[in-house]
Amino acid sequence: MQPPLQRFLTECHSRFADDHSGAVADYIPELSKADPALFGIGLCTTDGYVYEAGDSAVPFTIQSISKAFVFALALETRGAEAVESKIGVEPSGEAFNSIRLTADNKPFNPMVNAGAIACSGLIREAAGADSFDLIQSTLGRFAGRTLDVDEAVYYSESATGHRNRAIAWMLHNHGVVKADVDGVLDIYFRQCAVLVTARDIAVMAATLANSGINPVTGEAVVSPYAAARTLSVMTSSGMYDYAGEWIYRVGIPAKSGVGGGIAAALPAQLGLGVFSPPLDDHGNTVRGLKVCEALSSHFNLHVLSRTDDVRSCVIADYDIASVTSRRSRQPQERQIILENHSETRVVELVGALTFATIEYVSRRVTTGLTPDQLVILDFRRVPMITAAGARLLGEVLGDLIAAGATPILAGLSDTSPVYQTLAPRLADISRLRKFPALDDAVEWAEDQVIYRYGGFVRVNDPTPLDAQALLTGMSPEEIAELSSIAFVRQYAAGERIIRAGDPSESVFFLQSGMVSVKLPSGVRLASMVPGMEFGEMALLGSPRSADVWADTAVQCLELPLSGYDLLRQQRPQAGEQIMRNLAALLARRLLQTNAKVDLLRNS
Ligand code: GLN
C-alpha cells in the first residue's frame, strides 16, 4: 500500500512538472547546460524513512545549499564564539551575491556569499590544506554517502567568479578572511560544485531537523547547538531577499542554490529536498518553492503553527489499590495495602518528554500529593527527554523529596538515553530509587507501605497447611489426610522448582521462603510467600506454563495429582472445595488484570 505522503509527493510532482516558468542560471557558464525539465523530490523523516518522486537520484551541484552545512561545520570546528564574532546573523534583504557588509564590516549572515566565504576562511584557518576534504566528507556525512565534485562546474565558476573574488578580497581587507584569499575562494568554489541528489539534500536537511543526527545512518554529524543555529539562519536568511516572505508564507527553514536545489528542514519532523533547475528572479528554484508551499499549506506544517496537548504525556495515573505488583501478598499484607493505597502513586509517562510536558507533570504530581507518598514515575514508554525537560524534572524530584515524598523512577536503566540525559540533573539527589522494571518499583513501594504498618511476614517461619489459600474451608481431618499423601521438598536459593513446558503432575504448597514465577525470558509473573500455592494449574490439566525459581531457601509440600485424585474419590466434598478455592483465586487474578486493562483504556 502506498503511504499517503508518497501519493501527495507523486501528485505534486506531476502537477508542478507542467510549470515551465523561471530560467536556468547562466552566470556560471557550465550551469546553463542543465536540463530545465529535470524535477526530483526527496523527503526524509526523522526516523530515517525516505520518500522519492521523479528525478530524485539525478545529481546536480549543491551550490548555496552548501552554505548551511558548512556554517554548521564552522560552528563545530571553530566554536560558536569564533564564528559568531566574524559573521553576523541578520538578514541582509539583498541578493546572495551582494557585496555590501554590515556597518562594522562583517558579512550580514552565513547564508549569503560573503558570509559563506568567511566560513570557508574560518575552516581554512583550522584545517589548512585538508579544508576541502573536511568539507566534502562532512557534506557526505550529512547525506549518508560519499559525494563527488563536478569538476566542470568548479572550473567554470572558478574561471568566472570575479564577483566572489571581489567579496573575498574585501573581507580580507577587513580582516575577516585572513591569509591565502585564493585558497579560501578555491575551497568555496569547490564546495559549491559538490554533487548531490534531491534524496541527498532531503537526508541532509533531515539531519539538521534531527538535532544533527543523520536519521538514516544514525551518525551524530554536528552538535544540537550547531544544528539549531543553522536552522535559525536558514529561517531568517536562507532564501536571500525572499526570506521574510518565505518564513511568513511557508514557514519552514530552507536553503536554496542556483543549481536548482532547495533543502527545507522542519525541526523534529522531516527534511525535504527538491531539484529543478529553472530559477525565479530571487535565484530560488520555481518548482522547488511550489513543492515546499504545497507541503506546508496542505499539511499545515508552518513551524510556528503548532498544536500539542501536554496532557497526553500521562498514559496512566493510579495507586496500588487498582494495580498491584506481581508479588502475591498474604491476607494481612493485602489488608494493609488496601487501607493505605493512597500512600502510593504511579504515573506512567509516554512519548518524548519536553519542557512543556514535564511542567504539566510537575503540577499533576503535586495535586493530591500526601505526606510520605511514594511517587513512581514510569519511563518505559519514554524514548527521550529534552535537556530542558530533564532540568525541570530534576527540580520536580528534588521538590518531592523536600516535601517528604519518595520519588521512584521506573523503566530506566543506567544506559537508557533518558537516564543519561537526566543523570547530571540528579547528582545531588542521593535518595532517589531507580528500577528497570515498573513491577519491581511497585513491589518496593508496597513493601514500604507494609513495613510502615508493621505488616511484614517472616517468610522463614513454616506456615501450616490450613493457612493455604487453596485449602480454605477444609476440615482438620481433610488437611491431615492431604499432608499424609504430600511430600516435603526443600530447595536452595536459585534452584529451579518447576520448568516451563514440563507436564504438570503435582501442586506445591509454599511453607517457608519465597519463590518467583518467571517466563523463560526472565520476566517475573508473580512472587509467592508462604501460605500460597504454585503449579496449581495442574488441577486443570494444563502443562507447566512458566518456570518457578526459589528466591531464598524454600520448603514446600508437593501434592502429586495421583494423591489429589485419590482424595477426591474418598472425599468428594474436599475435592470440590479445592476447585472452588482455585476458581476464587483465578477470579481475583482476572479482576486485577481487568482493572489494569480498564485503567489503561480510560486514561
Ligand atoms: N556558487 C554560487 C555563487 O557563489 C552559489 C550561489 C547560489 O547558489 N546562490 O555564485
Side-chain angles (χ1 to χ4, degrees), residues 22-34 59-71 87 91-101 107-121 132 135-136 139 147 149-171 177 181-182 184-196 198 200-201 204-205 233-234 237-243 246 254-264 273-289:
V24 174
D26 57 5
Y27 76 102
I28 299 174
E30 195 64 26
L31 284 184
S32 64
K33 296 180 184 166
F60 58 95
T61 53
I62 188 169
Q63 299 298 340
S64 278
I65 302 172
S66 64
K67 290 168 177 158
F69 301 96
V70 174
F71 174 61
I87 307 168
S92 66
E94 300 196 21
F96 65 88
N97 56 3
S98 165
I99 286 191
R100 203 160 68 91
L101 298 180
F108 275 90
N109 63 69
M111 301 292 103
V112 291
N113 288 12
I117 292 169
C119 269
S120 308
F132 181 69
I135 290 174
Q136 187 176 13
L139 293 175
L147 302 175
V149 172
D150 186 325
E151 294 295 334
V153 171
Y154 157 67
Y155 281 120
S156 185
E157 177 161 17
S158 180
T160 57
H162 306 308
R163 193 180 170 99
N164 283 328
R165 288 201 170 81
I167 293 173
W169 283 103
M170 181 183 58
L171 290 173
V177 168
V181 179
D182 287 327
V184 171
L185 276 161
D186 193 64
I187 295 168
Y188 173 72
F189 291 147
R190 272 184 197 277
Q191 91 185 35
C192 288
V194 167
L195 283 165
V196 288
D200 289 331
I201 49 175
M204 296 172 83
V233 287
M234 287 166 72
S237 318
M239 304 297 282
Y240 316 119
D241 42 344
Y242 188 58
W246 177 257
K255 185 74 203 83
S256 66
V258 293
I262 181 165
V274 188
F275 163 54
S276 165
L279 311 178
D280 66 10
D281 293 344
H282 302 282
N284 297 320
T285 164
V286 176
R287 294 191 190 107
L289 298 196

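Quantities reported herein were computed from a predicted structural model and do not represent experimental measurements. Note that ligands are numbered from 1 as they come in the structure, with each ligand's atoms numbered from 1 the same way.
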Student: Could you give the distance from CD1 (I28) to OG1 (T61), rounded to the nearest 0.5 Å?
Tutor: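 So the CD1 of I28 and the OG1 of T61 are separated by 7.0 Å.
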
Student: Under 4.0 Å from a heavy atom of C192: which atoms of ligand 1 are those, numbered in the order shown and with their elements?
Tutor: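 Selected atoms, number and element: 1 (N).
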
Student: Between L171 and L101, is any pair of side-chain heavy atoms under 4.5 Å apart?
Tutor: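 The answer is yes; the side chains approach within 4.5 Å.
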
Student: Which ligand 1 atoms are under 4.0 Å away from a heavy-atom of E157?
Tutor: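 Once the distances to E157 are compared, the set is 1 (N), 2 (C), 3 (C), 4 (O), 10 (O).
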
Student: Closest non-hydrogen protein atom to atom 4 (O) of ligand 1, residue and atom name please, with distance?
Tutor: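 Checked against all protein heavy atoms, atom 4 (O) of ligand 1 sits closest to Y188 OH, 2.5 Å.
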
Student: Kindly determine whether E94 and V112 satisfy side chain to side chain contact (heavy atoms under 4.5 Å, CB included), including the steps that lead there.
Tutor: CA-CA 9 Å; E94 300 196 21; V112 291; over 6 Å; no

Student: Within a distance under 4.0 Å of any heavy atom of G257, pick out the atoms of ligand 1 and give their elements.
Tutor: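 This gives 8 (O) as the contact atoms.
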
Student: Within a radius of less than 6.0 Å around OH of Y155, do more than 12 heavy atoms belonging to other residues, nucleotides or ligands occur?
Tutor: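 No, not enclosed.
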
Student: Could you see which bit of N97 sits under 4.0 Å from ligand 1, with heavy atoms only: side chain, backbone, both or neither?
Tutor: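 Neither part.
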
Student: Which value, rounded to the nearest 0.5 Å, describes the distance between E151 atom CD and S158 atom OG?
Tutor: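 If I round to the nearest 0.5 Å, the distance is 11.0 Å.
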
Student: Checking the side chain of K255 only, and the main-chain atoms of I65 only, is there a donor and an acceptor separated by less than 3.5 Å?
Tutor: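 Answer holds: no.
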
Student: Whether the D281 and Y242 side chains hold a donor-acceptor pair (N or O, under 3.5 Å, no angle test) is what I'd like checked.
Tutor: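 Side-chain D/A pair, D281 to Y242: absent.
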
Student: When you look for heavy atoms under 4.0 Å from ligand 1, do you find them on the side chain of Y27, its backbone, both, or neither?
Tutor: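 Under 4.0 Å from ligand 1, Y27 contributes side-chain atoms alone.
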
Student: For atom 9 (N) of ligand 1, which of A116, A193, S64 has the closest heavy atom?
Tutor: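 Among A116, A193, S64, the closest heavy atom to atom 9 (N) of ligand 1 belongs to S64.
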
Student: Of all the atoms in ligand 1, which lie at a distance below 4.0 Å from a heavy atom belonging to N164?
Tutor: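 In order of number, 3 (C), 4 (O), 10 (O).
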
Student: For ligand 1, which part of N113 has a heavy atom less than 4.0 Å away: the side chain, the backbone, both, or neither?
Tutor: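 Contact part for N113 vs ligand 1: side chain (C-beta onward).
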
Student: Less than 3.5 Å between some nitrogen or oxygen of S256 and one of ligand 1, yes or no?
Tutor: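 In fact, backbone or side chain, S256 has no N or O that close.
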
